[in-house]
There are 2 protein chains.
Amino acid sequence: MNVRRPATLASLAAELGVSRTTVSNAYNRPDQLSPELRKRVLDTARRLGYPGPDPVARSLRTRKAGAVGLLLTENLSYAFRDPAAVGFLEGLALACEDAGSGLLLIPANPEREDVASVHRAGVDGFVVYSVPDDDPHLAAVLERPVPAVVCDQPSIENLDRVGIDDSRAIKTMAEHLIGLGHRKIGVLCMRLARARNDGPASVQRQENASFHVQKKRLTALAEAFEAIGIDWEQVPVVERFDHTIASGESAAGQLLESNPEITAIMCTSDILALGALNETRNRGRRVPEDLSITGFDGITEAERVGLTTVRQPMLEKGRAAGRLLLDAGEPGRPREVRLDTQLVTGSTAASPRSVEERWFGP
Amino acid sequence: MNVRRPATLASLAAELGVSRTTVSNAYNRPDQLSPELRKRVLDTARRLGYPGPDPVARSLRTRKAGAVGLLLTENLSYAFRDPAAVGFLEGLALACEDAGSGLLLIPANPEREDVASVHRAGVDGFVVYSVPDDDPHLAAVLERPVPAVVCDQPSIENLDRVGIDDSRAIKTMAEHLIGLGHRKIGVLCMRLARARNDGPASVQRQENASFHVQKKRLTALAEAFEAIGIDWEQVPVVERFDHTIASGESAAGQLLESNPEITAIMCTSDILALGALNETRNRGRRVPEDLSITGFDGITEAERVGLTTVRQPMLEKGRAAGRLLLDAGEPGRPREVRLDTQLVTGSTAASPRSVEERWFGP
DNA sequence: TGCAGGAACCGTAACGGTTCAGTAGGCCGG
DNA sequence: CCGGCCTACTGAACCGTTACGGTTCCTGCA
């Protein structure tokens, strides 16, 4: 009985001697037929091994897939490796759950240009999470005649958008460090473009960055530091393609090697900051006495080690994106959700003068 | 132009004066038509705003959805909160990625019996991860005429299966504790059945457990301890429905309150163990001097705090499940993957005699 | 000149449903 | 006896595509 099931709504109807409509109604509109007949239909279905209306055929007819697609810049598995991404996913999953919708993770290898996965996705809409502006997958999503919500991206056409004020958020951090007295800093950032570059990022590269969030943060930092008379050209920025603690370590090493005079490292993510923390301490320098280190995101691991960082509500971000997508707004009017961030003063940033104090006494 | 897109493969064909087949071929089989015509098709498609073949209609025709469904016992969002689940997901995502397949997370609220989400899922197969034996969602999956792989479940009909030797694994831990000299232990376990029960779990409840893994582990523990003459009836087992650190804390509290004489707490998961660790220390008892605590899973957080636990390869589990599902085996012969586990001797389990030693000297 | 063979394209039949405008019959009030 | 309404069910159109098995036309070669 379990070998093959050519049972279909039509064959079931034939077996019962009723119309297909009636069988369909038995499943979808119980009030449209007598209880006895309905029972008979369902019983026969069980007997014949009919698993109920085929979801794909139904989707075709109803134009509803019952799922939202998630497109992110990284390998699928990355979504589960980065705590910030996991937080976002959790929020998105919550929103989907509330709406009874599925969540389809779309495989989009950033190194390849294979857009087929986007075309193949049977979804009612897309959530696009922090992909580069020129990503072909994003373009493919825009072509699809379904709504989309972008997250941590510049606003596109008339799409709904979710994000934070990246500029304001990181400026708060910059001002915090400036207030502490730091003048010589270095920056660690995530990938700026689809083309791999592990090393210093020139100002030009920063300006041409296609990863919106990273670009925004660097621009804001430049503004903050130029505002107090520091030449941004002279501020070393080291970029890493992979977003891992190991990347943070090697980037920090590179930075400290070439710019030993800096008193603080600002990272555009907590993961990088955690790596920087490791590397710095491995080199025998104390944090924050010898070097201040700051992150961005506010992931649990960061809070545990007392990282000074900017907390952004990743879960809320995901939830907001899901909600925006699932309860469609007015046609012409794109919506925007901008979430609040919060400076978390941990124990990894202090005044650089404390160094002198250690040497020469207070 | 972006308002409505009634453009379809048929309308495009009509516009071009070619057959639908040809348009279809332009997308799917470029070698079946001349490059010029193909270009003309694609150009016209762009002009008309035709987004390419509809994925749902394609799925219906080809009988391929290009996605695998994941069913788990918990709220969707739970999958992202539990590190072990995240590890599993990462592995599963890797396998999906390799096969160019999507991963559809199916919302299956464990408290409700709403099975529609399973019926609605347009997928080529299911991965079922640790749901209770009597879960209606599981039943719904079995009805669907697509392959399924179960994980951490008893083998079903002729489904592929992935798991570990839970019995052997936890016995190793039990023997480790016994070897250290522990005779009076308490156990913290995860939910045993769909019906909520936060408190002591009687032997009968243990035997009737519908969560296969938990049952297996408890049974194995009973065997291990009865083998050295301990009456399992006398061993306190405390169950928690929610799988959180807070649950671990309250369960440990309950256990220590009613059974202050125990020298070790064995937990069936690291999360519970981390909670137990907190609670124990908050009560002013030292670990492992005053009390030994063991976990199960080997999550990162556990390793960080030096928990004595059993490591199981969650990522490999997910990957194996995905692979099994994606490269279909022989029809009649269900496959089974059984992964290895490993005892991790951390710093949270020690000989109970060290207590006496502390009091009376060595 | 005849013909084999391949390249390029086409027509039809599914794929498995949902939906909507009916229709037949029963019941009821007038 | 008639008109109207309700219940229970039906028929046919439609959703948008791909699989299958052709047909047509052109080229090259004997």
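Atoms considered below: every heavy atom in the structure, side chains included; atoms not considered: hydrogens, waters and symmetry mates. Throughout, protein chains are lettered first and strands after them, A, B, ... in sequence-line order, and every chain is numbered starting at 1.
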* Across the strands shown, which category fits L60(B) at heavy-atom distances under 4.0 angstrom: base, sugar-phosphate, nothing? -> base
* Touch check for V18(A), heavy atoms < 4.0 angstrom, all strands: base, sugar-phosphate only, or nothing? -> sugar-phosphate
* Asked: Nearest 0.5 Å, what's the CG-OG distance between L9(A) and S24(A)?
  -> 6.0 Å
Over how many whole Å does the gap from [X] atom [atom1] to [N] atom [atom2] extend?
X: Q32(B); N: dT23(D); atom1: CD; atom2: P; answer: 17 Å
X: R144(A); N: dG16(D); atom1: CZ; atom2: C1'; answer: 13 Å
X: R120(A); N: dT18(D); atom1: CZ; atom2: C1'; answer: 13 Å
X: E15(B); N: dG16(D); atom1: CD; atom2: P; answer: 17 Å
X: R40(B); N: dC9(C); atom1: CZ; atom2: C1'; answer: 12 Å
X: R38(B); N: dC9(C); atom1: CZ; atom2: P; answer: 12 Å
X: L16(B); N: dC9(C); atom1: CG; atom2: P; answer: 11 Å

Under the rule for side-chain hydrogen bond (donor to acceptor under 3.5 Å, both in side chains), what residues qualify as partners of [X], not counting sequence neighbours?
X: R161(A); value: E336(A)
X: E15(B); value: R47(B)
X: H212(B); value: none
X: Q153(B); value: none

* How are the rings of H243(B) and Y78(B) set relative to one another: parallel (under 30°), tilted (30 to 60°) or perpendicular (over 60°)? -> tilted
* Asked: How far does the helix from dT1(C)-dA30(D) to dG30(C)-dC1(D) bend, going by the axes of its first and last five pairs, to the nearest 10°?
  -> 50°
* Asked: Hey, is E36(A) close enough to K39(A) for a salt bridge, meaning N to O under 4.0 Å?
  -> no
* Should R194(B) and D134(B) count as an ion pair when the cut-off is N to O under 4.0 Å? -> yes
* To do: Classify every nucleotide of nucleotides 17-26 of chain C by which part a protein heavy atom approaches to under 4.0 Å, writing B for the base, S for the sugar-phosphate alone and - for neither, in 5'-to-3' order.
  => BBBB------
* When you measure from the side chain of S117(A) to the backbone N and O of I106(A), does any donor-acceptor pair fall under 3.5 Å? -> no
* Asked: Is any side-chain N or O of S34(B) closer than 4.0 Å to OP1 or OP2 of dA7(C)?
  -> no
